[in-house]
Undergrad: 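Mind having a look at this structure? Questions to follow.
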2 protein chains.
Amino acid sequence: MTDAPTKDYVLDDQVGFVMRRANQRHLGLFAAHIPDLTPTQFAALAKLCELGETSQNALGRATAMDAATIKGVVDRLRRKGFVDQRPDPDDQRRLLLKPNAAAWEAYDALVPAAHAITRDTLAPLTDGEQAIFLMLLHKLT
Amino acid sequence: MTDAPTKDYVLDDQVGFVMRRANQRHLGLFAAHIPDLTPTQFAALAKLCELGETSQNALGRATAMDAATIKGVVDRLRRKGFVDQRPDPDDQRRLLLKPNAAAWEAYDALVPAAHAITRDTLAPLTDGEQAIFLMLLHKLT
DNA sequence: GCAAACTCATTTGCGTACAAACAATAATCA
DNA sequence: TGATTATTGTTTGTACGCAAATGAGTTTGC
């Protein structure tokens, strides 16, 4: 009997590497369905519509973006005309963000595409596998 | 009987969003174990040691990075003293990259940490779940 | 009532990631 | 051979993503 080599590290089998590639594939599918918004921008838009008026940092927390990141994303969404902002009268540190009419219109129009992106991303799996995968993926959060 | 609303799009349940958060958690674990190299840099280093002397673009393909990205990664690895480069005598376009002694030393020293990162990332799952998850994740590549 | 601790938004710096364009070189095939 | 096509490496521009630092404002504890 020989000791199995304990060393062998195969990059292509590491979770992180595979996850990165799966994510790359997903980003490609996203861009194909929604070319005018990045996944991050769409996430912020969707959450903003979900939550209604919110502060910038709170929106960041809801979308898993830190303060520096959400600022850039919100700036770009504002430049595209989707977000109205005003200072919070009750807390002078806060910047209140609100989805405007254009935001709702875009959101409603894009939800079917967003569903299609999820469907396409998971397409290599059977329905049963998709459910299992999502369940396990959630646990890795 | 009422029609179930077909609209409801819950951001937090979309593959892309959950995958992004799982990846964020993984990046945090990576940085905790290997603070001096990013996951991408380690991937390039590991692949370079796996492959031996390779051209820059070929290394990029092997690590799923496009030409622009691998250039930056290789530049940083070179700045850290891990990569020797020379022009390919057989193809004047090519830049041949080779892991040097420092690269091998770092790679050998970091493989245990890299295994620990994979282990920690998958820790919320049982052994059986880990196998299933990796199998399904591979299919989404 | 006040100082310490915290929160909010912002900035800077670094590191992926990709698109698009470019010049130089190689390969193909008419 | 000579023209077309492809590949290699590079640069520029845009967009996350986080760390760390800052200044302004708020909360807490004593």
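As the structure is a prediction and not an experimental result, all values here were calculated from the model. Each chain gets a letter, A, B and so on, in the order the sequences are listed, and its residues count up from 1.
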Undergrad: More than 12 heavy atoms of other residues, nucleotides or ligands under 6.0 Å from CD of B:Glu105: yes or no?
TA: no

Undergrad: Provide, to the nearest angstrom, the distance between the CG atom belonging to A:Leu37 and the P atom belonging to D:dA15.
TA: 11 Å

Undergrad: What does A:Thr69 touch in the nucleic acid at a heavy-atom separation under 4.0 angstrom: a base, only the sugar-phosphate, or nothing?
TA: base

Undergrad: Please answer whether the main-chain N or O of A:Ala67 pairs with a side-chain N or O of A:Thr69 as donor and acceptor at a distance below 3.5 Å.
TA: no

Undergrad: Please check if B:Leu140 and A:Phe30 belong to a single hydrophobic cluster, counting links between Ile, Leu, Val, Met, Phe, Trp and Tyr side chain heavy atoms closer than 4.5 Å.
TA: no

Undergrad: Answer with base, sugar-phosphate or nothing: what part of the nucleic acid does A:Thr40 contact at a heavy-atom distance below 4.0 Å?
TA: sugar-phosphate

Undergrad: Select one nucleotide: of D:dT10, D:dT8, C:dG15, the one nearest the side-chain heavy atoms of B:Arg61.
TA: D:dT8

Undergrad: Which sits closer to the 5' end of DNA chain C, B:Pro89 or B:Gly72, going by the nucleotide each is nearest to?
TA: B:Gly72

Undergrad: With nearest nucleotides of DNA chain C determined for A:Ser55 and B:Lys80 from heavy-atom distances, which residue corresponds to the more 5′ nucleotide?
TA: A:Ser55

Undergrad: For A:Leu95 and C:dT7, what is the distance between atoms CG and P respectively, to the nearest whole Å?
TA: 19 Å

Undergrad: From C:dT10, C:dG15, D:dA15, pick the nucleotide closest to the side chain of B:Arg76?
TA: C:dG15

Undergrad: Between C:dG15, D:dT26, D:dT8, which nucleotide has the shortest distance from any of its atoms to the side chain of A:Gln92?
TA: D:dT26

Undergrad: Starting at CG of B:Asp66 and ending at P of D:dT8, how long is that distance when rounded to a whole Å?
TA: 13 Å

Undergrad: Under 4.0 Å: is that the gap between some side-chain N or O of B:Gln85 and OP1 or OP2 of D:dG9?
TA: no

Undergrad: What nucleotide among C:dT11, D:dC16, C:dT16 has an atom nearest to a side-chain atom of A:Lys71?
TA: C:dT11

Undergrad: Could you check whether B:Asp91 gets within reach of a base, just the sugar-phosphate, or nothing at all, counting any heavy atom under 4.0 Å?
TA: sugar-phosphate

Undergrad: If I take atom CG from residue B:Leu59 and atom CG from residue B:Leu96, how far apart are they, to the nearest 0.5 angstrom?
TA: 11.5 Å

Undergrad: Could you work out which one of C:dT16, D:dG9, C:dA9 sits closest to the side chain of B:Thr38?
TA: C:dT16

Undergrad: Mind calculating the distance between CD (B:Gln56) and C1' (D:dT7) to the nearest angstrom?
TA: 13 Å

Undergrad: I need the CG-C1' distance between B:Leu29 and D:dC18, as an integer number of Å.
TA: 15 Å

Undergrad: Counting only side-chain heavy atoms from C-beta out, which of D:dC18, C:dG15, C:dA9 sits nearest to A:Ala68?
TA: D:dC18

Undergrad: Give me the one residue out of A:Met65, A:His26, A:Met19 that meets side chain to side chain contact (heavy atoms under 4.5 Å, CB included) with B:Arg20.
TA: A:Met65

Undergrad: Any side-chain N or O of B:Arg20 less than 4.0 Å from the OP1 or OP2 oxygen of D:dC16?
TA: no

Undergrad: Is a donor-acceptor contact shorter than 3.5 angstrom present between the side chain of A:Arg93 and the base of D:dT26?
TA: no

Undergrad: Taking the side chain of B:Arg94 as its heavy atoms from C-beta onward, which of C:dT10, D:dT8, D:dG17 lies nearest to it?
TA: D:dT8

Undergrad: Nearest whole angstrom, please: distance from the P of D:dG17 to the CE of A:Met19.
TA: 13 Å

Undergrad: To the nearest angstrom, how far is B:His26 atom NE2 from D:dG17 atom P?
TA: 16 Å

Undergrad: Between the main-chain N or O of A:Arg61 and the side-chain N or O of A:Thr63, is there a donor-acceptor pair closer than 3.5 Å?
TA: no

Undergrad: For D:dC16, does OP1 or OP2 lie under 4.0 Å from any side-chain N or O of B:Gln24?
TA: no

Undergrad: For A:Asp36 and C:dA19, what is the distance between atoms CG and C1' respectively, to the nearest whole Å?
TA: 15 Å

